[in-house]
**Q** 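Let me begin by handing over the structure; questions about it come next.
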Amino acid sequence: MIEAVVYDFGGVFMESPFEAVHQMSDDKGHDYDVAVELLLGSYEDDTDHPWHRAERGELDVVSTREQISELARARDLDLDLFELFKYVGMDREVYSPMVESVRRARSRGCLTAILTNNIAEARGMWKAMLPTEELFDVVVDSSEVGMRKPDLRIYQHTLDLLGNPEPERTVFLDDYPSNVQAAESIGMIGILVGTDRTRAIALLDDLLAGGST
Ligand SMILES: [Mg+2]
């Protein structure tokens with residue numbers, strides 16, 4: 001029986017920032033792999049890349065933008081973090097079937113949480129996109145707690161705030177594979193959310209109904 005469900009935000013309730021990097025790279029003629037590494041760092045790790053520092057609340061967004069542009073200039077590239085934000089903003093609709101899945105989990109008596117890597121300056125925006133208070137018992141924002149996925153401590157922190165449900169009875173949904181792997185490494189049930197998010201929702205419904213993945 002599932003006790004708790006933990007959701008990522010970007011790529012789960014709204015478009016993935018990685019999709020935005022794809023669109024921007026196509027428009028500007030950048031190589032995606034180079035652009036994503038410069039803009040968002042090696043996302044499978046928690047590093048001292050300026051974006052990671054921003055997500056841990058260590059660096060403000062203006063300094064982050066400057067440092068990323070400097071990294072890009074050293075590679076003879078012109079990259080602007082604020083330009084990327086325009087692409088992320090192209091689809092500000094939340095994905096309502098995912099919101100409904102939270103309501104179903106709650107109606108079955110599960111606790112729910114959001115666990116997002118995000119920058120402090122975006123907090124007001126993303127929180128306003130969802131009925132956050134209604135949907136989640138616990139909200140963990142990397143920039144508030146000074147830790148970010150895939151650091152295992154932030155998963156444990158989330159479980160602590162949920163009152164320590166069994167990890168084996170806690171589902172974690174995220175669109176980034178290494179974030180899902182980290183959750184699984186501490187015993188949680190991971191669901192990778194693909195571009196077709198209906199599959200992830202169906203897997204979760206199956207688990208909530210007592211099935212197994
Ligand atoms: Mg995400």
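Nothing fancy with the numbering, it's 1 onward along the sequence. Both counts, for ligands and for their atoms, begin at 1 and track the order of listing.
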**Q** With respect to the Mg ion (ligand 1), please indicate if F9 possesses an N, O or S atom at a distance under 2.8 Å.
**A**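 So F9 does not bind the Mg ion (ligand 1) by this criterion.
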**Q** If you consider just the N/O/S atoms, which atom of D8 is the closest one to the Mg ion (ligand 1)?
**A**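 Of all N, O or S atoms in D8, the Mg ion (ligand 1) lies closest to OD2.
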**Q** Between K86 and D27, is there a salt bridge with N-O shorter than 4.0 Å?
**A** no
**Q** Taking the N/O/S atoms of D175 one by one, which is nearest to the Mg ion (ligand 1)?
**A**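 Distance check against the Mg ion (ligand 1) picks out OD1 in D175.
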**Q** Less than 6.0 angstrom from the centroid, inside 45 degrees of the normal: does R148 satisfy that with respect to the ring of Y43?
**A** yes
**Q** Considering only heavy atoms from C-beta outward, does the side chain of L77 approach that of L38 to under 4.5 Å?
**A** yes
**Q** When you measure from the side chain of T132 to the backbone of A128, do you find a donor-acceptor pair of N or O atoms at a distance under 3.5 Å?
**A**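 Not at all, since once roles are kept as given, no pair shorter than 3.5 Å links the two residues.
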